[in-house]
Amino acid sequence: MKIDFASSRQSTLGVEWELALVDGKTGELASVANEVLRGVVDRHPELNEDDEHPHIKQELLLNTVELVTGICETAAEAKEDLSRSLAAVREITDPMGVELFCAGSHPFSPPQLQPVTDKARYAKLIDRTQWWGRQMVIYGVHVHVGLDRRSKVLPVLDGLVNYFPHFQALSASSPFWGGEDTGYASQRALMFQQLPTAGLPFQFPSWEEYESYVQDMFTTGVIDTLSEIRWDIRPVPNLGTIEMRICDGLATLEEVGAIAALTQCLVDEFSTILDNGGSIPTMPPWHVQENKWRAARYGMDAIIILDAAGKEQLVTDHLLETLNRLEPVAAKLRCSDELADVEKIIRRGAGYQRQRRVAAEHGGDLQAVVLDLVKQMRNGPTA
(Lines give C-alpha, C1' and ligand atoms only; values in the text may rest on other atoms or scores of the structure.)
Protein backbone atom coordinates (compact mmCIF):
# COMPACT_ATOMS: atom_id res chain seq x y z
CA MET A 1 0.00 0.00 0.00
CA LYS A 2 1.32 3.43 -0.96
CA ILE A 3 0.33 6.30 1.36
CA ASP A 4 1.01 9.77 0.05
CA PHE A 5 1.82 12.51 2.53
CA ALA A 6 0.28 15.88 1.60
CA SER A 7 2.44 18.96 1.25
CA SER A 8 2.26 21.26 4.29
CA ARG A 9 4.05 24.41 5.31
CA GLN A 10 6.46 23.52 8.10
CA SER A 11 5.11 24.12 11.61
CA THR A 12 1.66 25.35 10.63
CA LEU A 13 -0.87 24.59 13.33
CA GLY A 14 -4.36 23.17 13.80
CA VAL A 15 -6.19 22.46 17.06
CA GLU A 16 -9.24 20.36 17.98
CA TRP A 17 -10.99 21.02 21.31
CA GLU A 18 -13.70 18.62 22.53
CA LEU A 19 -16.30 20.25 24.79
CA ALA A 20 -18.89 18.68 27.07
CA LEU A 21 -22.46 20.01 27.13
CA VAL A 22 -23.95 20.14 30.64
CA ASP A 23 -27.07 21.36 32.39
CA GLY A 24 -26.26 24.83 33.72
CA LYS A 25 -27.85 24.12 37.11
CA THR A 26 -27.10 20.48 37.89
CA GLY A 27 -23.85 19.97 35.98
CA GLU A 28 -25.21 16.71 34.51
CA LEU A 29 -24.25 15.89 30.95
CA ALA A 30 -26.84 17.13 28.45
CA SER A 31 -27.27 15.15 25.22
CA VAL A 32 -28.27 18.11 23.07
CA ALA A 33 -25.46 18.20 20.49
CA ASN A 34 -27.88 17.78 17.57
CA GLU A 35 -29.88 20.85 18.59
CA VAL A 36 -26.69 22.86 19.14
CA LEU A 37 -25.18 21.88 15.80
CA ARG A 38 -28.43 22.58 13.98
CA GLY A 39 -28.58 25.97 15.68
CA VAL A 40 -25.09 27.04 14.58
CA VAL A 41 -25.77 25.92 11.00
CA ASP A 42 -29.08 27.82 10.91
CA ARG A 43 -27.20 31.03 11.69
CA HIS A 44 -25.17 30.64 8.49
CA PRO A 45 -27.42 31.18 5.46
CA GLU A 46 -24.64 30.03 3.13
CA LEU A 47 -24.90 26.52 4.64
CA ASN A 48 -27.59 24.04 3.65
CA GLU A 49 -29.62 22.25 6.31
CA ASP A 50 -27.58 19.06 5.91
CA ASP A 51 -24.20 20.84 5.87
CA GLU A 52 -21.73 20.70 8.73
CA HIS A 53 -20.33 23.90 10.22
CA PRO A 54 -16.68 24.20 9.09
CA HIS A 55 -15.36 24.70 12.62
CA ILE A 56 -18.00 23.17 14.94
CA LYS A 57 -18.29 19.41 14.58
CA GLN A 58 -20.20 16.35 15.72
CA GLU A 59 -18.55 13.76 17.94
CA LEU A 60 -19.17 10.21 19.19
CA LEU A 61 -21.55 11.24 21.98
CA LEU A 62 -24.57 13.52 21.91
CA ASN A 63 -23.19 15.39 24.94
CA THR A 64 -20.16 16.62 22.96
CA VAL A 65 -19.25 19.19 20.33
CA GLU A 66 -15.79 19.67 18.87
CA LEU A 67 -14.24 22.99 17.89
CA VAL A 68 -11.75 22.72 15.02
CA THR A 69 -9.49 25.51 13.82
CA GLY A 70 -8.45 26.25 10.28
CA ILE A 71 -4.77 26.21 9.31
CA CYS A 72 -3.01 28.66 11.64
CA GLU A 73 0.48 30.12 11.74
CA THR A 74 0.66 30.79 15.48
CA ALA A 75 -0.83 29.58 18.75
CA ALA A 76 -2.40 33.01 19.22
CA GLU A 77 -4.18 32.66 15.89
CA ALA A 78 -5.43 29.20 16.88
CA LYS A 79 -6.79 30.63 20.15
CA GLU A 80 -8.60 33.40 18.28
CA ASP A 81 -10.12 30.84 15.91
CA LEU A 82 -11.34 28.68 18.80
CA SER A 83 -12.66 31.73 20.63
CA ARG A 84 -14.86 32.64 17.65
CA SER A 85 -16.27 29.13 17.47
CA LEU A 86 -16.85 29.04 21.23
CA ALA A 87 -18.81 32.30 20.99
CA ALA A 88 -20.90 30.86 18.14
CA VAL A 89 -21.75 27.80 20.25
CA ARG A 90 -22.68 29.96 23.24
CA GLU A 91 -25.14 31.92 21.10
CA ILE A 92 -27.10 28.66 20.92
CA THR A 93 -26.39 27.09 24.31
CA ASP A 94 -26.92 30.14 26.56
CA PRO A 95 -30.65 30.47 25.78
CA MET A 96 -31.00 26.70 26.33
CA GLY A 97 -29.55 26.86 29.85
CA VAL A 98 -26.71 24.64 28.68
CA GLU A 99 -23.13 25.25 29.76
CA LEU A 100 -19.78 24.06 28.39
CA PHE A 101 -16.73 22.62 30.07
CA CYS A 102 -13.68 20.61 29.16
CA ALA A 103 -11.83 18.00 31.21
CA GLY A 104 -10.64 14.48 30.50
CA SER A 105 -13.87 13.03 31.91
CA HIS A 106 -17.15 14.08 33.51
CA PRO A 107 -16.75 13.57 37.27
CA PHE A 108 -20.08 11.90 38.01
CA SER A 109 -22.47 11.34 35.08
CA PRO A 110 -22.77 7.56 34.45
CA PRO A 111 -20.80 6.75 31.27
CA GLN A 112 -23.04 3.87 30.19
CA LEU A 113 -26.13 6.11 30.09
CA GLN A 114 -24.78 8.59 27.52
CA PRO A 115 -26.42 8.28 24.08
CA VAL A 116 -24.27 7.88 20.99
CA THR A 117 -24.58 10.01 17.86
CA ASP A 118 -26.70 8.26 15.22
CA LYS A 119 -24.04 7.55 12.60
CA ALA A 120 -23.02 4.23 11.09
CA ARG A 121 -19.34 4.59 11.98
CA TYR A 122 -20.14 5.24 15.64
CA ALA A 123 -22.62 2.36 15.79
CA LYS A 124 -19.97 0.08 14.33
CA LEU A 125 -17.43 1.22 16.94
CA ILE A 126 -19.80 0.53 19.84
CA ASP A 127 -20.90 -2.80 18.39
CA ARG A 128 -17.31 -3.94 18.08
CA THR A 129 -15.93 -2.61 21.35
CA GLN A 130 -19.00 -3.30 23.56
CA TRP A 131 -18.50 -2.39 27.25
CA TRP A 132 -15.27 -0.48 26.61
CA GLY A 133 -16.82 1.51 23.81
CA ARG A 134 -19.77 2.48 26.00
CA GLN A 135 -17.32 3.87 28.58
CA MET A 136 -15.78 6.43 26.21
CA VAL A 137 -17.23 9.51 27.92
CA ILE A 138 -13.92 11.28 27.55
CA TYR A 139 -12.72 14.59 26.14
CA GLY A 140 -9.38 15.63 24.72
CA VAL A 141 -7.35 18.23 22.87
CA HIS A 142 -5.55 17.34 19.64
CA VAL A 143 -2.82 19.46 18.06
CA HIS A 144 -1.75 19.11 14.40
CA VAL A 145 1.60 20.49 13.24
CA GLY A 146 2.54 20.65 9.57
CA LEU A 147 5.63 18.90 8.22
CA ASP A 148 7.23 19.87 4.93
CA ARG A 149 8.66 16.44 4.08
CA ARG A 150 7.39 12.91 4.50
CA SER A 151 10.84 11.77 5.61
CA LYS A 152 10.42 13.80 8.81
CA VAL A 153 7.17 12.21 9.94
CA LEU A 154 8.36 9.09 11.77
CA PRO A 155 11.46 10.67 13.38
CA VAL A 156 9.28 13.53 14.65
CA LEU A 157 6.77 11.01 15.99
CA ASP A 158 9.65 9.33 17.86
CA GLY A 159 10.66 12.72 19.27
CA LEU A 160 7.16 13.49 20.54
CA VAL A 161 6.95 10.04 22.15
CA ASN A 162 9.88 11.09 24.37
CA TYR A 163 7.66 13.94 25.67
CA PHE A 164 4.56 11.80 26.16
CA PRO A 165 4.60 12.06 29.98
CA HIS A 166 5.11 15.83 29.84
CA PHE A 167 1.92 16.36 27.83
CA GLN A 168 0.04 13.81 29.91
CA ALA A 169 1.03 15.39 33.22
CA LEU A 170 0.25 18.95 32.09
CA SER A 171 -3.18 18.03 30.79
CA ALA A 172 -4.25 15.29 33.22
CA SER A 173 -7.80 16.19 34.23
CA SER A 174 -9.79 12.99 34.72
CA PRO A 175 -9.31 11.86 38.33
CA PHE A 176 -13.03 11.13 38.83
CA TRP A 177 -15.05 8.48 37.03
CA GLY A 178 -18.71 7.72 37.65
CA GLY A 179 -18.60 9.63 40.94
CA GLU A 180 -15.48 7.92 42.28
CA ASP A 181 -11.92 9.17 42.70
CA THR A 182 -9.86 6.68 40.71
CA GLY A 183 -6.56 7.60 42.34
CA TYR A 184 -5.22 8.43 38.87
CA ALA A 185 -4.44 11.86 37.45
CA SER A 186 -5.74 10.67 34.06
CA GLN A 187 -8.34 7.92 33.97
CA ARG A 188 -8.94 8.92 30.33
CA ALA A 189 -5.43 7.86 29.26
CA LEU A 190 -5.94 4.29 30.44
CA MET A 191 -9.58 4.11 29.33
CA PHE A 192 -9.00 5.28 25.76
CA GLN A 193 -6.18 2.82 25.11
CA GLN A 194 -8.66 -0.07 25.46
CA LEU A 195 -10.03 0.66 21.98
CA PRO A 196 -8.51 -1.31 19.09
CA THR A 197 -5.62 0.60 17.47
CA ALA A 198 -5.66 3.23 20.24
CA GLY A 199 -2.89 3.91 22.74
CA LEU A 200 0.83 4.29 22.17
CA PRO A 201 2.01 4.38 18.56
CA PHE A 202 4.24 1.76 17.07
CA GLN A 203 7.58 3.22 16.03
CA PHE A 204 8.76 2.35 12.52
CA PRO A 205 12.24 2.90 11.08
CA SER A 206 10.85 3.70 7.61
CA TRP A 207 7.72 4.98 5.91
CA GLU A 208 7.54 1.76 3.90
CA GLU A 209 7.22 -0.25 7.12
CA TYR A 210 4.44 2.09 8.28
CA GLU A 211 2.69 1.52 4.93
CA SER A 212 3.07 -2.24 5.40
CA TYR A 213 1.50 -2.02 8.86
CA VAL A 214 -1.47 -0.06 7.49
CA GLN A 215 -1.91 -2.60 4.69
CA ASP A 216 -1.99 -5.39 7.29
CA MET A 217 -4.68 -3.51 9.23
CA PHE A 218 -6.85 -3.24 6.12
CA THR A 219 -6.18 -6.81 4.98
CA THR A 220 -7.15 -8.32 8.33
CA GLY A 221 -10.23 -6.11 8.73
CA VAL A 222 -8.97 -4.21 11.77
CA ILE A 223 -9.71 -0.86 10.08
CA ASP A 224 -11.80 0.37 7.16
CA THR A 225 -10.26 3.86 7.02
CA LEU A 226 -6.85 5.23 7.97
CA SER A 227 -8.45 7.53 10.58
CA GLU A 228 -9.42 4.44 12.61
CA ILE A 229 -5.80 4.19 13.72
CA ARG A 230 -6.30 6.16 16.91
CA TRP A 231 -2.79 6.33 18.32
CA ASP A 232 -1.91 8.95 20.93
CA ILE A 233 0.47 10.43 18.34
CA ARG A 234 -0.11 9.68 14.66
CA PRO A 235 0.68 10.83 11.15
CA VAL A 236 -2.24 12.37 9.25
CA PRO A 237 -1.12 11.90 5.66
CA ASN A 238 -4.05 13.64 3.95
CA LEU A 239 -3.37 16.83 5.95
CA GLY A 240 0.41 16.63 5.92
CA THR A 241 0.61 16.81 9.72
CA ILE A 242 1.72 14.99 12.81
CA GLU A 243 -1.14 14.89 15.34
CA MET A 244 -0.52 14.97 19.09
CA ARG A 245 -3.57 13.34 20.76
CA ILE A 246 -2.13 12.62 24.21
CA CYS A 247 -3.87 15.37 26.14
CA ASP A 248 -6.86 15.13 28.42
CA GLY A 249 -9.39 17.90 27.93
CA LEU A 250 -8.11 21.34 28.91
CA ALA A 251 -10.39 23.65 30.87
CA THR A 252 -9.41 27.01 29.40
CA LEU A 253 -8.38 28.63 26.15
CA GLU A 254 -5.14 29.74 27.82
CA GLU A 255 -4.20 26.12 28.55
CA VAL A 256 -5.09 25.03 25.02
CA GLY A 257 -2.81 27.74 23.66
CA ALA A 258 -0.01 26.65 25.98
CA ILE A 259 -0.19 23.01 24.85
CA ALA A 260 -0.43 24.07 21.21
CA ALA A 261 2.69 26.20 21.57
CA LEU A 262 4.65 23.45 23.31
CA THR A 263 3.70 20.97 20.58
CA GLN A 264 4.53 23.39 17.78
CA CYS A 265 7.91 24.28 19.31
CA LEU A 266 8.95 20.67 19.83
CA VAL A 267 7.97 19.66 16.30
CA ASP A 268 9.81 22.65 14.86
CA GLU A 269 12.89 21.86 16.94
CA PHE A 270 12.87 18.25 15.72
CA SER A 271 12.40 19.41 12.13
CA THR A 272 15.39 21.72 12.39
CA ILE A 273 17.53 18.91 13.81
CA LEU A 274 16.63 16.76 10.80
CA ASP A 275 17.24 19.63 8.36
CA ASN A 276 20.73 19.96 9.83
CA GLY A 277 21.48 16.28 9.32
CA GLY A 278 20.97 15.28 12.95
CA SER A 279 18.94 12.43 14.43
CA ILE A 280 16.34 12.20 17.18
CA PRO A 281 17.05 9.70 19.99
CA THR A 282 14.48 7.07 20.84
CA MET A 283 13.68 5.13 23.98
CA PRO A 284 12.85 1.44 24.32
CA PRO A 285 9.08 0.87 24.09
CA TRP A 286 9.01 -0.47 27.67
CA HIS A 287 10.33 2.88 28.92
CA VAL A 288 7.71 4.71 26.85
CA GLN A 289 4.94 2.49 28.21
CA GLU A 290 6.12 3.00 31.78
CA ASN A 291 6.25 6.78 31.30
CA LYS A 292 2.66 6.80 30.11
CA TRP A 293 1.50 4.86 33.15
CA ARG A 294 3.49 7.00 35.59
CA ALA A 295 2.11 10.24 34.14
CA ALA A 296 -1.45 8.89 34.11
CA ARG A 297 -1.11 7.75 37.72
CA TYR A 298 0.94 10.52 39.31
CA GLY A 299 0.55 13.48 36.95
CA MET A 300 2.81 16.35 37.94
CA ASP A 301 4.47 14.19 40.61
CA ALA A 302 5.64 11.56 38.12
CA ILE A 303 9.31 10.62 38.07
CA ILE A 304 9.85 9.98 34.37
CA ILE A 305 12.46 8.07 32.37
CA LEU A 306 14.40 10.44 30.10
CA ASP A 307 16.51 8.21 27.89
CA ALA A 308 17.47 4.69 26.90
CA ALA A 309 20.05 4.62 29.71
CA GLY A 310 17.26 4.93 32.29
CA LYS A 311 18.04 8.41 33.65
CA GLU A 312 15.08 9.75 35.64
CA GLN A 313 13.79 13.17 36.71
CA LEU A 314 10.65 14.79 38.12
CA VAL A 315 8.49 15.66 35.12
CA THR A 316 7.98 19.28 36.16
CA ASP A 317 11.72 19.85 36.58
CA HIS A 318 12.37 18.49 33.10
CA LEU A 319 9.51 20.57 31.73
CA LEU A 320 11.08 23.76 33.07
CA GLU A 321 14.40 22.83 31.46
CA THR A 322 12.58 22.13 28.20
CA LEU A 323 10.78 25.49 28.27
CA ASN A 324 14.09 27.31 28.69
CA ARG A 325 15.61 25.37 25.80
CA LEU A 326 12.65 26.15 23.55
CA GLU A 327 12.60 29.92 24.13
CA PRO A 328 14.45 30.73 20.85
CA VAL A 329 12.14 28.41 18.92
CA ALA A 330 9.09 30.11 20.45
CA ALA A 331 10.45 33.51 19.49
CA LYS A 332 10.84 32.34 15.88
CA LEU A 333 7.29 30.91 15.87
CA ARG A 334 5.83 33.98 17.62
CA CYS A 335 4.41 31.95 20.49
CA SER A 336 6.60 33.07 23.40
CA ASP A 337 3.64 34.20 25.50
CA GLU A 338 1.75 30.97 24.93
CA LEU A 339 4.80 28.83 25.70
CA ALA A 340 5.27 30.79 28.93
CA ASP A 341 1.71 29.81 29.89
CA VAL A 342 2.95 26.22 30.31
CA GLU A 343 4.78 27.37 33.42
CA LYS A 344 1.50 28.83 34.73
CA ILE A 345 -0.04 25.35 34.55
CA ILE A 346 2.88 23.98 36.56
CA ARG A 347 2.48 26.73 39.21
CA ARG A 348 -1.32 26.63 39.35
CA GLY A 349 -1.64 22.87 39.17
CA ALA A 350 -2.96 20.61 36.44
CA GLY A 351 -6.67 20.00 36.01
CA TYR A 352 -6.78 16.88 38.19
CA GLN A 353 -5.16 18.79 41.07
CA ARG A 354 -7.59 21.68 40.79
CA GLN A 355 -10.57 19.32 40.62
CA ARG A 356 -9.50 17.50 43.75
CA ARG A 357 -8.99 20.82 45.57
CA VAL A 358 -12.51 21.97 44.67
CA ALA A 359 -13.98 18.62 45.72
CA ALA A 360 -12.18 18.81 49.08
CA GLU A 361 -13.36 22.39 49.65
CA HIS A 362 -16.96 21.28 49.06
CA GLY A 363 -17.00 18.13 51.15
CA GLY A 364 -16.56 15.83 48.17
CA ASP A 365 -19.39 17.39 46.13
CA LEU A 366 -18.55 16.64 42.49
CA GLN A 367 -21.30 18.92 41.21
CA ALA A 368 -19.17 21.77 42.55
CA VAL A 369 -16.26 20.42 40.49
CA VAL A 370 -18.27 20.57 37.27
CA LEU A 371 -19.62 24.04 37.98
CA ASP A 372 -16.09 25.23 38.70
CA LEU A 373 -14.97 23.82 35.33
CA VAL A 374 -17.87 25.68 33.69
CA LYS A 375 -16.73 28.87 35.40
CA GLN A 376 -13.12 28.35 34.29
CA MET A 377 -14.16 28.04 30.66
CA ARG A 378 -16.17 31.26 30.89
CA ASN A 379 -13.72 33.33 32.93
CA GLY A 380 -10.31 31.78 32.42
CA PRO A 381 -8.03 29.98 34.88
CA THR A 382 -8.51 30.39 38.61
CA ALA A 383 -5.52 31.04 40.84
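On a predicted model such as this, the values are computed, not experimentally measured, just so you know.
Side chains of Q289 and L200 form a contact here, defined as non-hydrogen atoms less than 4.5 Å apart. Contact annotation: the side chain of L29 never approaches that of L21 to less than 4.5 Å [non-hydrogen atoms, C-beta and beyond].
Between the side chain of S173 and the backbone N or O of A103, no donor-acceptor pair lies under 3.5 Å. A donor-acceptor contact shorter than 3.5 Å links the side chain of Q367 to the backbone of T26. Using a distance-only test at 3.5 Å, with no hydrogens or angles considered, a donor-acceptor pair links the side chain of T272 to the main chain of D268. For the pair E211 (side chain) and S206 (backbone), a donor-acceptor distance under 3.5 Å is absent. Side-chain atoms of N162 come within 3.5 Å of backbone atoms of P281 as a donor-acceptor pair (strictly under, hydrogens ignored). Proximity of a side-chain donor or acceptor of T263 to a complementary backbone N or O of I259 within less than 3.5 Å is detected. Without hydrogens or angle criteria, Q353 side chain to A350 main chain gives a donor-acceptor distance under 3.5 Å. With H142 contributing its side chain and M244 its backbone, the two residues share no donor-acceptor pair below 3.5 Å. Of the possible polar contacts, none joining the T74 side chain to the C335 backbone as a donor-acceptor pair under 3.5 Å is found. With S8 contributing its side chain and G240 its backbone, the two residues share a donor-acceptor pair below 3.5 Å.
A donor-acceptor contact closer than 3.5 angstrom links the side chains of E321 and Q313. In the model, E28 has a side-chain atom that pairs as donor or acceptor with a side-chain atom of S109 under 3.5 Å. Under the 3.5 Å distance criterion, with hydrogens and angles disregarded, a donor-acceptor pair is assigned to the side chains of Q168 and S186.
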message: The test is salt bridge (charged side-chain N to carboxylate O under 4.0 Å, His left out); show your working for E18 and R188 and say whether it passes.
response: CA-CA 13 Å; E18 296 171 351; R188 171 188 168 273; 5.8 Å; no
task: Given side chain to side chain contact (heavy atoms under 4.5 Å, CB included), test D372 with Q376 step by step and report yes or no.
output: CA-CA 6 Å; D372 181 72; Q376 287 184 58; 2.9 Å; yes
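A salt bridge links E99 to R378: one of the charged nitrogens lies within less than 4.0 Å of a carboxylate oxygen. Under 4.0 Å is where a charged nitrogen must lie from a carboxylate oxygen, and between D275 and K152 at least one such pair does. Between K292 and D232 a salt bridge is recorded (basic side-chain N to carboxylate O distance below 4.0 Å). Between E228 and R234 there is no salt bridge, since none of the side-chain N atoms of the basic residue sits less than 4.0 Å from a carboxylate O of the acidic one. The pair E269-R325 meets the salt-bridge criterion, with a side-chain N (NZ, NE, NH1 or NH2) lying under 4.0 Å from an Asp/Glu carboxylate O.
Residue pairs that meet the ring-ring contact (aromatic ring centres under 6.0 Å, His included) test with at least one member in residues 20-47, sequence neighbours left out, are H44-H53.
The 12-atom threshold is not exceeded at CD1 of I71, counting heavy atoms of other residues, nucleotides or ligands nearer than 6.0 Å.
Ring geometry for W231 versus F202: interplanar angle over 60°, hence perpendicular rather than tilted (30 to 60°). Note: Y298 and W293 have perpendicular aromatic rings, judged against thresholds of 30 and 60 degrees for the angle between ring planes.
Between H166 and F164, the gap from one ring centroid to the other reaches at least 6.0 Å. Side-chain rings of H106 and F101 approach one another, their centers coming within less than 6.0 Å.
Shown here for M96 and V36, the closest heavy-atom pair between the two residues is SD-CG2, 4.2 Å. Taking both residues in full, the closest heavy atoms of A88 and V40 are given as O-CG1, 3.7 Å, listed atom of the first, atom of the second, then distance. Contact between L157 and P201 at its shortest, heavy atoms only, is CD2-CG, 3.9 Å.
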